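Some notes on the structure that comes next.
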Amino acid sequence: MPTSDPEAPVATDFVREAVSEDLASGRFDRVHTRFPPEPNAYLHIGHAKAVWIDYGVAKDFGGRFNLRFDDTNPEKEDQEFVDAIIADMKWLLSADPDVHRHWDGQALFGSDYFDRQYELAQELIKKGLAYVCDLSPDEMREARGTLTRPGVDSPWRNRSVEENLDLFARMRAGEFPDGSKTLRAKIDMASPNLVLRDPVMYRIRRAHHHRQGDAWCVYPTYDWAHGLQDSIEGITHSLCTLEYEIHRPLYDWFLDQLGVFHPRQIEFARLNLTHTVMSKRKFVELVKAGKVSGYDDPRMPTLAGLRRRGYSPEAVREFCRRVGVTKAASVTEMYQLEDCAREDLNRRALRVMAVLDPLRVVITNYDDVKTEWVEAVNNPEDPSAGMRRVPFGPVILIEQDDFREEPPPKYFRLSPGTEVRLRYAYLLRCDEVVKDGEGQVVELRCTVDPATLGANPPDGRKVKATIHWVVADQALEAEARLFDHLFSAPHPEAEDSEPDSGEPGYLKHMNPDSLRVVKALVEPSVAGAAPGSVFQFERVGYFCVDRDSTAEKLVFNRTVTLRDTWAKIEKKLS
RNA sequence: UGGCGGAUCGUCUAAUGGUAGGACACCGGUUUUUGGUGCCGUAUGUCUAGGUUCGAAUCCUAGUCCGCCAGCCA
């Protein structure tokens, strides 16, 4: 069995089963897949699923993989997207160390086959299987019929081969205005499958193409172009999402009539995620309305957004593995994705201490000129990450939430008269609470037990909580961007259009707290961390350094919080 | 009311006529100088109704519900 890694169990899903059968039956003697994005938008997590199916099948069967841009509509496409998609693809597939065995890292372009395609269109005309049609868009829609009513033949359907050849050549030569004529396949206007009711193959559009420039004024439609692109590249398995299922008869028809190499199209269900939206159109609306800062806003489900949020390509790959491959329409819970981030970051993130909501603690029995350094573990999951030293001193900052003047039941942290462990340092007892004029707690006066530095107390007493801290005079001031779900409703798209106002209905479900910007006080060891570096702020969450960081001020994005058992307990109590 | 496709724990999925299993979420326990991680455990599911069979999630029949299709978008 030609698997790239014989040790790995071959994943079983209906696509891979079909591919196995094709190899066993001799229908194909190799496997070659492709991912065919249109360069008109940024890639999102749904595309990542498709890429990992397309690429993953090629990899599992020891085959090849192409990235091919489906660039047949110059009015929507742009070089900006080509560049962004290539960058995203390289990032995504870098999760496979063997990627070079299956993908050469290059991009192909459907538009490079325009000449060959034009010739094949002429072949179809010569066979009497395509004709030039003068119907306007409105007339064509009317003649197409409906779901329950058959269409009627175009009055131009029976032009002679010679006339069609001549007209088609003149269409290409630019003799007719935009939209005035089309080349259509002659199939069946009464077909119950609307896709087969004489579909348009070419339309006239004088638009500047991002690669072809102004060389063409006729552009092929998806159905006519896609199968041919696959065929020309020797693709064996053309994997796509379910909405193309009804196009498969047309995909097959073109290839059969032409008698060219015939790939097999197989369709799978696209990815949907709760608490977000997943369409180009909605991305554009969110960006244009200023609801997010751009396509790489860390709250967006784009690959650029996920990357900036702190997701590694490995975490995205694991997510795609977990959601599987089926034909059932589904909506995956966002928690699935978040768990993949936690699992990945737990393994790789360096631990540091940072306080997001500080409360000043003065240690009254600690020599106020003394700074000592305590030893801290960089990553308990990875001993090779080593140790570091963290400064400790007489005035520290702890998290407001780690102190309660009146502790609720089961609260193990600091309160008047109780004792907690300061991570990597001493046991700390709260002796006195200092308040301002409004009664707000502004400072704690505490004492440490000198016998407990990195050791349990000699008398054997236990504390139930360990809290994090930073030294007041050496902490780095940073910005922390705390992200949450973009939408508070799990299924914002369920309520799409708002009849009364012009605003799309799903916007009503946006989470007003999807971004909170706070000041963070971080231990000095993170000074100079490069953008993209990932950390766990102990007991708080996973953070990565944003590209907005400067030498003067670090900016952190919260990728995901840590699981918070106490928050659950407290929620139940209230 | 045309055609195509789909339906298994709350969610995503496995089981291809032979013990309905896993992951996430949830709940409980345990370990822990992160209320993190790890480990253990509880609970929850075959759309419905018939049929075939020693035995059905799986095969058959009828129904129900869901998704997609009427761009010169992809």
Side-chain angles (χ1 to χ4, degrees), chain A residues 12-13 17 36-38 40 70-73 75-77 133 135-137 140-142 144-151 178-184 191-197 199-205 218-219 221-223 225-226 240-249 267 269 271 274 280 321-340 342-343 346-347 351 353 377 380-381 410-413 420-425 427 452 454-456 463-468 490 536-542 561-570:
Chain A
T12 60
D13 56 61
E17 279 169 15
E38 184 187 14
N40 70 345
D70 200 345
D71 53 351
T72 58
N73 185 354
E75 291 173 324
K76 296 190 171 184
E77 296 152 10
C133 180
L135 252 28
S136 72
M140 199 180 289
R141 188 182 316 119
E142 180 58 31
R144 184 160 31 232
T146 67
L147 295 180
T148 52
R149 174 167 49 88
D178 283 11
S180 61
K181 284 179 167 45
T182 56
L183 183 73
R184 300 175 73 181
S191 172
N193 182 349
L194 303 238
V195 169
L196 263 16
R197 318 241 265 226
V200 170
M201 295 168 62
Y202 280 96
R203 69 280 211 181
I204 304 174
R205 284 284 176 285
V218 293
Y219 289 95
T221 54
Y222 168 85
D223 286 305
H226 200 89
C240 60
T241 47
L242 249 27
E243 60 265 34
Y244 294 102
E245 204 157 23
I246 57 162
H247 292 250
R248 179 157 26 98
E267 312 84 13
L271 175 73
T274 62
K280 293 166 195 169
R321 189 191 68 74
R322 289 188 193 184
V323 299
V325 187
T326 67
K327 298 192 74 158
S330 62
V331 185
T332 298
E333 289 181 335
M334 184 67 86
Y335 308 113
Q336 277 298 343
L337 216 209
E338 291 167 352
D339 186 68
C340 292
R342 288 197 186 96
E343 183 190 86
N346 177 53
R347 213 176 320 117
R351 305 298 114 135
M353 290 195 284
V377 175
E381 306 296 320
K410 297 193 177 167
Y411 185 84
F412 301 148
R413 281 111 95 153
V420 292
R421 160 71 61 185
L422 290 174
R423 181 79 158 148
Y424 296 123
L427 257 40
T452 58
N456 287 321
V463 294
K464 295 191 84 167
T466 296
I467 66 172
H468 60 278
Q536 184 197 102
F537 290 177
E538 289 211 42
R539 302 207 311 130
V540 177
Y542 294 101
T561 61
L562 255 31
R563 284 199 186 83
D564 190 347
T565 306
W566 165 244
K568 281 181 193 167
I569 295 170
E570 191 171 33

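The shown structure was predicted, so the numbers you read here are calculated from the model rather than taken from an experiment. All chains are named by letter (A, B, ...) in the order of the sequence lines, taking the proteins before the strands, and each is independently numbered beginning at 1.
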[X] has a side chain; which of [options] sits nearest to it?
X	options	value
A:Thr332	B:rG71, B:rC12, B:rG36	B:rC12
A:Thr182	B:rC72, B:rA74, B:rU33	B:rC72
A:Asn346	B:rA74, B:rG35, B:rG36	B:rG36

Who are the side-chain hydrogen bond (donor to acceptor under 3.5 Å, both in side chains) partners of [X], not counting sequence neighbours?
X	value
A:Ser180	none
A:Gln336	none
A:Lys327	A:Glu245
A:Thr241	A:Glu243

Check the distance between [N]'s [atom2] and [X]'s [atom1] and give it to me in whole angstrom.
X	N	atom1	atom2	value
A:Ile467	B:rU34	CD1	P	13 Å
A:Arg423	B:rG36	CZ	C1'	9 Å
A:Arg351	B:rU34	CZ	C1'	9 Å
A:Arg321	B:rU13	CZ	P	14 Å
A:Ile569	B:rG28	CD1	C1'	12 Å
A:Met353	B:rU33	CE	C1'	11 Å

Separation between the [atom1] atoms of [N] and [M], rounded to whole Å:
N	M	atom1	answer
B:rG18	B:rC60	P	16 Å
B:rG2	B:rG22	P	43 Å
B:rU61	B:rC9	C1'	28 Å

Which part of the nucleic acid, if any, lies within reach of [X] when heavy atoms closer than 4.0 Å are counted: base, sugar-phosphate only, or nothing?
X	answer
A:Tyr244	base
A:Ser136	base
A:Gly151	nothing
A:Glu267	nothing

- Contact pattern, 5' to 3', of nucleotides 14-24 of chain B - B, S or - by protein heavy atom under 4.0 Å: S-B------BB
Set of salt bridge (charged side-chain N to carboxylate O under 4.0 Å, His left out) partners for [X], sequence neighbours left out:
X	result
A:Glu75	A:Arg205
A:Arg322	A:Glu318, A:Asp339, A:Glu343
A:Glu570	A:Arg404

- Query: Watson-Crick or G-U wobble partner for B:rC24, using a 3.5 Å limit on both distances?
  - Reply: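 The answer is B:rG10, by the H-bond criterion.
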- Base B:rU37 paired with A:Arg342 side chain (donor-acceptor, <3.5 Å):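 No, no donor-acceptor pair under 3.5 Å.
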- With a 3.5 Å cut-off and just heavy-atom distances, do the side chain of A:Glu381 and the base of B:rG36 make a donor-acceptor pair?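 When only heavy-atom distances are counted, A:Glu381 does reach the base of B:rG36 through a donor-acceptor pair under 3.5 Å.
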- In B:rG36, glycosidic geometry as syn within 90° of 0 or anti otherwise: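 Base orientation: anti.
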Show the distances under 3.5 angstrom between N or O atoms of the protein and N or O atoms of nucleotides 40-43 of chain B.
none

- Residues in side-chain contact (heavy atoms from CB on, under 4.5 Å) contact with A:Ala465, at least two apart in sequence or another chain: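 side-chain contact (heavy atoms from CB on, under 4.5 Å) list for A:Ala465, sorted by chain: A:Phe412, A:Arg413, A:Val420.
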- Task: Can you sort out the partners of A:Pro137 under side-chain contact (heavy atoms from CB on, under 4.5 Å), two or more places apart, ordered by chain and number?
- Result: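 None.
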Under 3.5 Å, which N/O atoms of the protein pair with N/O atoms of nucleotides 1-4 of chain B?
{"residue": "B:rG2", "atom": "N9", "partner": "A:Leu147", "partner atom": "O", "Å": "3.3"}
{"residue": "B:rG2", "atom": "N3", "partner": "A:Leu147", "partner atom": "O", "Å": "3.4"}

